[in-house]
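These notes are about the structure you will find just below.
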Amino acid sequence: MTTRSRRAIGAATLAALAALSLAAFSSPAAAEEPLKIGFSMAETGPLAGTGKSALLAMTMWAEDINAKGGLLGRQVKLVHYDDQSSPANAPAIYAKLIDIDKVDLISSGYATPIIAATIPIAMQHDMVLIGFFGLANNAKFKYDKFFGIFPAGEKPALAILQPFFEAAMSMNPKPKTVAAIYPEIEFGHAIMNGIRASAAAAGLQIVYDQGFPPSMTDLTTVVRQIQATNPDIVAIGTQPGQSIAIVRAIREVGLKAMIVGGGMTGLQTTDAEGLLGEQLNGFVNFNIWLPAPTMQYPGVMDFLKRYQERAKAAGVDPIGYYAAPWAYADLQILGQAVEATKSTAGDKLGPYIHATTFKTIIGDVKFGESGEWAQPRMLAAQFQHVKGNDIEQFKGTEKVVVVAPAEYKSGDLIPFDDARH
Amino acid sequence: MTVTYPLLVNAVITGLLMGGFYAALSVGASIAFGLLDIVNIAHPTFAVVGAYAVLMLNRTFNIDPILGGLLLTPVFYCAGTLLYQVYHHFFEKRGDDAMRGLAFFFGLMFIAEVVLIMLFGVDFRYVHTPYITTTLNFGAIALPLRLAVPFAGSLLMLVVLELFLKKTFIGRAVVAVAQDPFALRLVGASPVRIKRIAFGVACASAALAGAFIIVIEPLQPAVGREFIGRVFAICVFGGLGSLPGTVVAAISLGLVENLSTIFIGASWSPAVAFGVLLATLAWRPSGLFGRS
């Protein structure tokens, strides 16, 4: 081999090595660190029914986005820890997510108290935070990078009850008195303020207005007290276990009223629907999405079909109307904002999210100045003609009928006493 | 607000019924805490484990929950004796302080909850029996069988336990071990064996209490935490180790909770109930039926 040939081989080898190095540096996303989104979630404890349903939906979003190539050319990895439904666990979880796991973005756990514990941490790190199912979380913080994924608008406590009172005041004869019952927790007090404001606006007289301790096992005595005041409207603001307890107590006491319900969380889940069955007949409760024809936004029915196929094996809410589409939309918004700004920085994402109307599976989402939805979109839905405890009957809108607001209505309101029979 | 006669009577009935249930839930803790000096803070969680076992029997064999609880008592008795053996070997025998034992049962409580979550998930679980949805009405007075059946079962269980402690040799030995283990040895009984049996009996009561829980309210793994405060308040209020004291304290707590709900407001009921407890302890530091 001549010297010239050796030089040529040497040059070719060097070129090949250089090409390989370049290829390595410009390699596709797979070689890069994944883009991490960190959050706490109620995987155990009293809020876990909704929390685990949300977690499955968020996992599905990550799988969907990764199948399309990820975000900013990087695969997405969800890093999540169980907050045990306790806000006390949130600060430590988010400190670990940000300082040790080095997540790029954060999202919140479920629900109001957890979000309240997370906002100061997001503020400290100047990160965008989308709160999942919180009520008026940003009223005190006024953090410009907080957004709430719950369609209750700038005054959530009022908005939750507005369709309920709209339905109540459409009755003939018009109701005149209201009894209010709520647990002595932040959520209960927020709902209570909404009841008082709604009652004042409608010219209703409040004849009962009392809280109860959240650990109270049996609520029959409380319901009997309410019955003694003979109210036309019974407005309730409760969390999942309490909602079940109060439905049972109302059946045992045989409470009579024109309309009963309002802000009872948990009754929207298949779990509670299967447990209580026909005991739910007549209750008019807030809801945020049901498969009424006017609410079948692009992608939502396909998502629910895929969710329902996986939910049973995952041991979570098998129908998933309540939380799952919203948890998916939560990350859709974050993902769309990251792609549009080509950034994960709070100072880029925050103004973009404020300025944009997002297309999601739960419809168009536009945030107002406080970070809550610019326009509320709450529903009042009544359980009607429920028979037995079979959960399949709760698919669709035949047994859970949207009775207010008028633009989303799928059926007429039945007075509580009539619906019980 | 005016307190009407039906409201008052129904509140008293609900208080009595809930009190009976509290007594069933507390009696095992009272035996462990008062007679054996074992601070078994996991006792309400054991009852929740019992409730899930009852649920399994109900779903698999369609067995009535109360009957299921009864059938499970031998299993829980055996599990209790094994658990005591572990506790005795690693803590009691070494003379470790009660705080370590407390930490042991705290740990056990969390482990049991996590195992339940892994096995059953976090959704509310329930059983369907006709009496859960039946309420007997006598004029303005209502008697929900959801509360009345557990109440009757509780009283029966407490009577049987009281007879066991008062009328049998082993029962009397259990009471004696709390007072003077050395004297017990002199009559040829092994304090460790007696305590093992007593702890087994306490755990067996958790199986029945678990059946009552699932009849009264939907079940989820953390539901036992609702009752920890009440159970230990009842043990102390009634007098440690006294079964009649446990019954009186539990029913008093149920009554105070419900009566304060109608007279002062439900929000005040825990404060009033525990206020009465503190006042009683100031008057009788050893509890209502405790030995001075």
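Below, chain A is the first sequence line, B the second, and so on; all start at residue 1.
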Requested in this report: Please answer whether the main-chain N or O of B/Ala11 pairs with a side-chain N or O of A/Arg224 as donor and acceptor at a distance below 3.5 Å.
Outcome: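 Looks like no, no N/O pair under 3.5 Å.
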
First locate atom [atom1] of [X], then atom [atom2] of [Y], and finally report the distance between them rounded to the nearest 0.5 Å.
{"X": "A/Asn389", "Y": "B/Tyr126", "atom1": "CG", "atom2": "OH", "value": "6.0 Å"}
{"X": "A/Gln210", "Y": "B/Trp268", "atom1": "CD", "atom2": "CH2", "value": "11.5 Å"}
{"X": "A/Asp82", "Y": "B/Ile117", "atom1": "CG", "atom2": "CD1", "value": "7.0 Å"}

For [X], is it the side chain, the backbone, both, or neither that has a heavy atom closer than 4.5 Å to a heavy atom of chain A?
{"X": "B/Arg230", "value": "side chain"}
{"X": "B/Phe120", "value": "neither"}
{"X": "B/Ile13", "value": "neither"}
{"X": "B/Leu147", "value": "side chain"}
{"X": "B/Pro218", "value": "both"}

Would you mind telling me which of A/Lys52, A/Glu43, A/Gln227, A/Glu252 has the largest number of heavy-atom pairs within less than 4.5 Å of chain B?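 So the answer, after comparing A/Lys52, A/Glu43, A/Gln227, A/Glu252, is A/Glu252.
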
Chain B interface, residue from A/Ala48, A/Ser85, A/Ala42 that has the most non-hydrogen pairs under 4.5 Å: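 Heavy-atom pair counts peak at A/Ala48.
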
To check you understand the geometry: which heavy-atom pair defines the closest contact between [X] and [Y], and what is its length?
{"X": "A/Arg251", "Y": "B/Ile132", "result": "NH2-O, 3.7 Å"}
{"X": "B/Leu7", "Y": "A/Thr221", "result": "CD1-O, 4.4 Å"}
{"X": "B/Glu217", "Y": "A/Arg248", "result": "CA-NH1, 3.6 Å"}
{"X": "A/Gly241", "Y": "B/Phe124", "result": "CA-CZ, 3.7 Å"}

If you tally heavy-atom pairs under 4.5 Å against chain A, which of [options] wins?
{"options": "B/His128, B/Arg225, B/Glu113", "value": "B/His128"}
{"options": "B/Ser267, B/Ala222, B/Pro270, B/Ser269", "value": "B/Ser267"}
{"options": "B/Arg146, B/Met18, B/Glu226", "value": "B/Arg146"}

Student check: side-chain heavy atoms of B/Thr261 and A/Phe212 closer than 4.5 Å: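 The answer is no; the side chains never approach within 4.5 Å.
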
Residue by residue, which of residues 266-280 of chain A have a heavy atom closer than 4.5 Å to a heavy atom belonging to chain B?
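So the qualifying residues are A/Asp271, A/Gly274, A/Leu275, A/Gln279.
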
Select one option (side chain, backbone, both, neither) describing which atoms of A/Thr220 are under 4.5 Å from chain B's heavy atoms.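 Side chain of A/Thr220 only, per the 4.5 Å heavy-atom cut-off to chain B.
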
Tell me, please, which residues at least two apart from A/Asp317 pass salt bridge (charged side-chain N to carboxylate O under 4.0 Å, His left out).
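With neighbours one apart ignored, the set is empty.
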
